[in-house]
**Q** 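Encoded as structure tokens, here's the structure I'll be asking about.
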Amino acid sequence: MAFARFASTSATAAAKKLVVKHVTVVGGGQMGAGIAQVAASTGHTVILVDQSDEILNKSKKGIEDSLKKVAKKRFADKPEAGAEFIEKTLKNIGTSTDPVSVVHSTDLVVEAIVENLSAKHDLFKTLDKFAPEHTIFASNTSSLPITDIANATTRQDRFGGLHFFNPVPVMKLVEVVKTPMTSEKTFESLVDFTKALGKNPVACKDTPGFIVNRLLVPYLMEAVRLFERGDATKEDIDIAMKLGAGYPMGPFELLDYVGLDTSKYIIDGWQSLDPDNPLFAPSPLLNKLVEEKKLGKKTGEGFYKHK
Ligand code: 3HC
């Protein structure tokens, strides 16, 4: 009897969802910095990891600038409360150039590094050895299958996708991606984490593009093809979609905002999976701009020039 009671208690404990308090975000680019910011501003302790202090200083500067915008809006009439919010959030963010030395006390690792499967494999394979048993791993990839990334680890049941949108502090959605190996407990813990960030989660299977990019990227590519054919100027296409469809940005503005390299990675990946699908056809113009390192806002030029 006593044994039965013990067994049922431990089964309940095993089914209990993980409440994420400590987060490690690997990758200090636009997405990683945004994720770190939102997690820190909602009371989580965060360690942001990247390869050098120089990159991390740039990430922290970006976070500070973004926090000022958030504070201005949220505490419009209370500048002191706004300053306190910024200070408190920044205090919750530590930085490191060595993920191995920080994962020992983390509940969740969110990876937002370069879209390269072998780089992600190397990272997760290593972290798998040093992170505690309970730690959940998540990738913010927009172009690679979560299952392929999870396969580098021995914790496929504690591995899922958390796909955020740019700018992370503003966009309310997170796609929570469940692979066939992701446990229900992990999935629910990730859903709860996104809610704790003040975001709206949606559930998706591990399919190319999940929901948003599967619809958005073909639309962006169609806009580039329209322009390549000379059917309309990029300026008019942008105006048309803003004024005719109510989109906050036109497709070329959005491509520059997200980064042309990111869109190219996504479309190239899909094309390799389904070469005959015309929606996934490469664009010579997009390829040329990426080759010239005209990646959009982050490099000062993409389809448009940026100050
Ligand atoms: N941090 C915090 N606040 C920010 C911010 C940031 N990085 N960027 C903008 N804001 C705030 C501004 O302070 C402003 O606040 P206010 O309402 O108090 O004035 C508000 O957001 C609006 O900003 P702006 O006035 O500067 O400019 P816009 O009105 O044009 O809004 C935008 C900017 C929110 C980016 C809007 O243009 C937009 O929603 N664009 C579409 C973005 C989008 O589609 N993102 C998804 C891309 S796909 C993706 O990320 C997936 C990936 O896998 C490719």
Side-chain angles (χ1 to χ4, degrees), residues 27-42 58-79 82 85-86 89-90 110-115 138-146 161-177 197-200 202 204 206-221 223-224 238-239 241-243 245-270 286 290 295-298 302 304 306-307:
Q30 274 180 341
M31 298 307 285
I35 297 164
Q37 176 187 329
V38 173
S41 71
T42 49
K58 210 172 147 204
S59 315
K60 281 204 97 169
K61 169 82 178 62
I63 291 172
E64 259 186 81
D65 290 346
S66 173
L67 281 171
K68 282 181 194 156
K69 290 184 192 169
V70 176
K72 202 172 155 197
K73 189 171 188 162
R74 207 180 290 173
F75 304 96
D77 304 325
K78 298 179 200 146
F85 163 77
I86 294 174
T89 302
L90 291 173
V110 184
E111 167 273 313
I113 66 167
V114 62
E115 289 286 68
S139 174
N140 178 59
T141 184
S142 51
S143 60
L144 298 164
I146 302 294
L162 279 181
H163 188 220
F164 289 81
F165 295 85
N166 203 358
V168 179
V170 178
M171 305 309 279
K172 288 273 171 226
L173 185 75
V174 182
E175 292 172 325
V176 184
V177 184
L197 299 183
K199 302 290 183 194
N200 259 290
V202 289
C204 327
D206 189 18
T207 55
F210 314 128
I211 300 173
V212 173
N213 281 346
R214 183 63 183 81
L215 299 172
L216 184 63
V217 175
Y219 149 73
L220 295 175
M221 294 302 290
V224 178
D238 277 348
I239 291 171
M241 292 314 291
K242 283 189 284 188
L243 302 188
Y247 286 19
M249 283 178 172
F252 294 95
E253 290 169 332
L254 187 55
L255 279 158
D256 273 10
Y257 190 71
V258 164
L260 305 194
D261 51 340
T262 303
S263 301
K264 181 174 153 51
Y265 279 130
I266 296 173
I267 210 74
D268 287 353
W270 293 353
L286 183 69
V290 172
L295 306 181
K297 219 175 146 211
K298 63 185 164 189
Y304 294 110
H306 302 267
K307 275 182 257 154

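Read the numbers this way: they start at 1 and go in the same order the structure lists the ligands and their atoms.
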**Q** Between atom CD1 of I146 and atom CZ of F210, what is the distance when rounded to the nearest 0.5 Å?
**A** 4.0 Å
**Q** Assess the residue pair S142 and T262 against the criterion (side-chain contact (heavy atoms from CB on, under 4.5 Å)); give the C-alpha distance rounded to whole Å, side-chain angles, the decisive distance to 0.1 Å, and a yes or no.
**A** CA-CA 8 Å; S142 51; T262 303; 4.0 Å; yes
**Q** Any chance the side chains of T141 and E115 put a donor and an acceptor closer than 3.5 Å?
**A** yes
**Q** Nearest heavy-atom pair of K172 and G198: which atoms, and what distance?
**A** NZ-O, 3.9 Å
**Q** Might you confirm whether atom NZ of K58 has over 12 heavy atoms from other residues, nucleotides or ligands at distances under 6.0 Å?
**A** no
**Q** Return a table of N or O atom pairs, ligand 1 on one side and protein on the other, at distances under 3.5 Å, rounded to 0.1 Å.
**A**
from	atom 1	to	atom 2	distance (Å)
ligand 1	1 (N)	S66	OG	2.6
ligand 1	17 (O)	K73	NZ	3.0
ligand 1	45 (N)	N166	O	2.8
ligand 1	50 (O)	N166	N	2.9
ligand 1	53 (O)	H163	NE2	2.7
ligand 1	53 (O)	N213	ND2	3.0

**Q** Checking side chain to side chain donor-acceptor pair (under 3.5 Å) between S66 and each of K61, Q37, Q30, which is the one that passes?
**A** Q37
